[in-house]
2 protein chains.
Amino acid sequence: MKKNDGKQIPQRVVSRLAMYFRVLTQLDASGIERISSRELGEMMSITPSQIRQDLSYFGEFGQQGYGYKVRFLHEEISKILGLKEKHSMILIGVGNLGRAIASYTNFRNRGFYLVAAFDVREEIIGKRFSDLIIKPMDELAQYLDENHVDIGILTVPASQAQEIADCLVEKDIKGIWNFAPVKLVVPEDVVVEHVHISDSLYSLSFRLREQDS
Amino acid sequence: MKKNDGKQIPQRVVSRLAMYFRVLTQLDASGIERISSRELGEMMSITPSQIRQDLSYFGEFGQQGYGYKVRFLHEEISKILGLKEKHSMILIGVGNLGRAIASYTNFRNRGFYLVAAFDVREEIIGKRFSDLIIKPMDELAQYLDENHVDIGILTVPASQAQEIADCLVEKDIKGIWNFAPVKLVVPEDVVVEHVHISDSLYSLSFRLREQDS
DNA sequence: TAGATTGTTAATCGATTAACAATC
DNA sequence: TAGATTGTTAATCGATTAACAATC
């Protein structure tokens with residue numbers, strides 16, 4: 001047995017863990033009870049070795065000669081990822097992207113709760129979004145003084161992102177989910193997860209040309 | 001000199017190329033004319049070696065003792081990524097996410113043009129989106145028979161994604177930008193770029209706990 | 001010229017895959 | 001039991017970093 005004794009887990013492994021979780025959710029939903037690393041690997045275009053190697057960072061979840069119990073493994077990975085805990089989130093920037101992200105219903109099922117939404121635009125302040133009233137950006141700092149928030153979702157223009165991140169950091173938010181196409185500068189105990197939407201289109205564009213030639 | 005003589009470029013390198021492009025855009029906009037791999041690396045938390053190594057896949061863009069001309073390098077990378085060409089795109093699924101993606105104005109500046117939008121929901125079919133009229137999903141196949149499209153943007157629920165992808169593939173679309181949380185099965189000459197939005201939240205959740213302990 | 005920085009080769013590091021004893 | 005498949009160690013592969021000659 002190996003278990004994770006404080007060793008740093010490679011980001012690659014964490015990303016794959018999230019993928020395993022997603023696939024296992026589907027398998028469980030379709031009533032499949034048992035799966036081997038070989039079968040799972042085939043489904044995901046990953047080698048069985050890699051799956052077993054990844055899981056071995058966290059413990060032993062299978063049985064020799066049998067494979068893995070889908071529901072059990074799903075449950076264990078959800079614990080590892082922290083999806084058994086509740087996370088409070090605030091949305092900063094209630095544009096199309098912000099609305100899309102925050103209203104993705106599955107997040108609530110996984111323990112991610114939206115507790116407030118902020119925007120600078122007069123015309124939407126005070127309006128409803130989901131079951132919240134959109135607050136003016138001015139009230140952000142005060143809100144954070146009075147409420148504990150785990151994660152800030154940043155869906156504002158690139159030009160405003162760093163300034164708001166600074167405010168979140170000052171008020172002790174430990175997680176930032178950043179959709180603005182800028183690298184945020186934050187202290188190292190703050191976790192930033194960046195979603196590279198436009199980078200991903202550029203990659204696609206590159207690979208299309210690669211195919212052609 | 002090395003240049004890319006048909007060697008396959010690692011995906012990592014392509015992703016970083018997109019990052020370099022983004023940073024160079026900013027540098028150029030703020031009037032900076034010259035940058036060394038050391039300075040650029042510092043800004044991006046990347047080693048100078050890696051930047052030079054990455055660029056060397058494609059050619060020689062700098063001058064010894066001087067560094068790189070920002071505008072020139074920006075231009076060259078934009079050529080490499082294929083951002084000098086026009087790409088036609090269709091949007092499939094005009095929900096919040098679809099609207100957000102497609103109306104991200106910068107894409108048009110980079111040569112990505114939205115030429116049609118499709119949805120299944122009666123209540124929005126026929127309505128305007130941007131400068132388009134939203135078409136019913138039934139008309140997708142016919143549209144693709146009559147028009148050339150480079151990229152399909154898939155912002156539909158996970159349950160519908162594969163079926164639509166099959167249709168796109170049959171009609172010879174070569175690029176799919178997939179926002180649905182499913183692995184699409186497509187022939188290998190079709191390029192799929194997947195944006196892992198929920199996976200990324202799970203990663204964030206994991207790393208928040210890692211910090212704690 | 002002297003100093004700086006490139007492009008590229010070689011060395012190192014880390015991640016993936018293969019192999020296999022353990023065992024259900 | 002025999003067959004299958006795990007968890008883990010060892011071997012391989014690929015990606016990152018270091019070093020340095022070339023040269024602006």
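By convention in this document, chain letters (A, B, ...) are assigned in the order of the sequence lines, proteins followed by strands, and residues within each chain are numbered from 1. The analysis underlying the following values was restricted to heavy atoms, covering all of them including side chains, and did not include hydrogens, waters or symmetry mates.
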Any A:Gln63 side-chain N or O less than 4.0 Å from OP1/OP2 of D:dT6
no
Does B:Arg12 put a side-chain nitrogen or oxygen below 4.0 Å from OP1 or OP2 of D:dT16?
yes
Looking at B:Arg52, I'd like to know whether one of its side-chain N or O atoms comes within less than 4.0 Å of OP1 or OP2 on C:dT6.
yes
Does any donor-acceptor pair link the side chain of A:Gln53 with the base of C:dT17 at a separation under 3.5 Å?
yes
A:Trp177 ring center near A:Phe107 ring center (under 6.0 Å):
yes
Does A:Gly175 offer a backbone N or O that forms a donor-acceptor pair with the side chain of B:Arg207 under 3.5 Å?
no
Between C:dT17 and A:Thr47, is there an OP1 or OP2 to side-chain N/O distance shorter than 4.0 Å?
yes
In Watson-Crick or G-U wobble terms, both distances under 3.5 Å, what is the partner of D:dA19?
C:dT8
Rounded distance in Å - CZ (B:Arg16) to P (D:dA15)
9 Å
Residue whose nearest DNA chain C nucleotide is more 5′ - B:Ser49 or A:Pro10
B:Ser49
Which whole-number value in Å describes the distance from B:Ile35 CD1 to C:dT5 C1'?
13 Å
Taking only the side-chain nitrogens and oxygens of A:Gln64, find out if one of them lies under 4.0 Å from OP1 or OP2 of C:dA22.
no
Within a reach of under 6.0 Å around NZ of A:Lys69, are more than 12 heavy atoms found that belong to other residues, nucleotides or ligands?
no
Distance in angstrom units between B:Leu17 CG and D:dA15 C1', rounded:
16 Å
To the nearest Å, give me how far apart CG (B:Asp54) and P (D:dT17) are.
10 Å
Is the phosphate of D:dG7, meaning OP1 or OP2, less than 4.0 Å from a side-chain N or O of A:Tyr68?
yes
With both distances kept under 3.5 Å, what pairs with D:dC24, Watson-Crick or G-U wobble?
C:dG3
Could you tell me the separation between the CD atom of B:Glu60 and the P atom of D:dA22, rounded to a whole number of Å?
14 Å
So if I take every side-chain heavy atom of B:Arg34 and compare against C:dT5, D:dT8, D:dA19, which nucleotide ends up nearest?
C:dT5
Do NZ/NE/NH1/NH2 and the carboxylate oxygens of A:Lys174 and A:Asp172 come within less than 4.0 Å?
yes
Would you say a side-chain N or O of B:Ser37 is under 4.0 Å from OP1 or OP2 of C:dT5?
no
Aromatic rings A:Phe118 and A:Tyr143: how do their planes relate, parallel, tilted or perpendicular, breaks at 30° and 60°?
perpendicular
Just checking, any donor-acceptor pair under 3.5 angstrom between side chains of A:Gln50 and A:Asp54?
no
Assign each of B:Gly65 and A:Gly62 to its nearest nucleotide of DNA chain D by heavy atoms, then name whichever residue's nucleotide is nearer the 5' end.
A:Gly62
How do A:Tyr66 and A:Val13 order along DNA chain C: which one's closest nucleotide is nearer the 5' end?
A:Val13
Can you check the A:Phe61 CZ to D:dG7 C1' distance for me, whole Å?
12 Å
Quickly work out the B:Arg38 CZ to C:dA4 P distance and round it to whole Å.
10 Å
Atom-to-atom span, CG of A:Leu55 to C1' of D:dT5 - whole angstrom:
13 Å
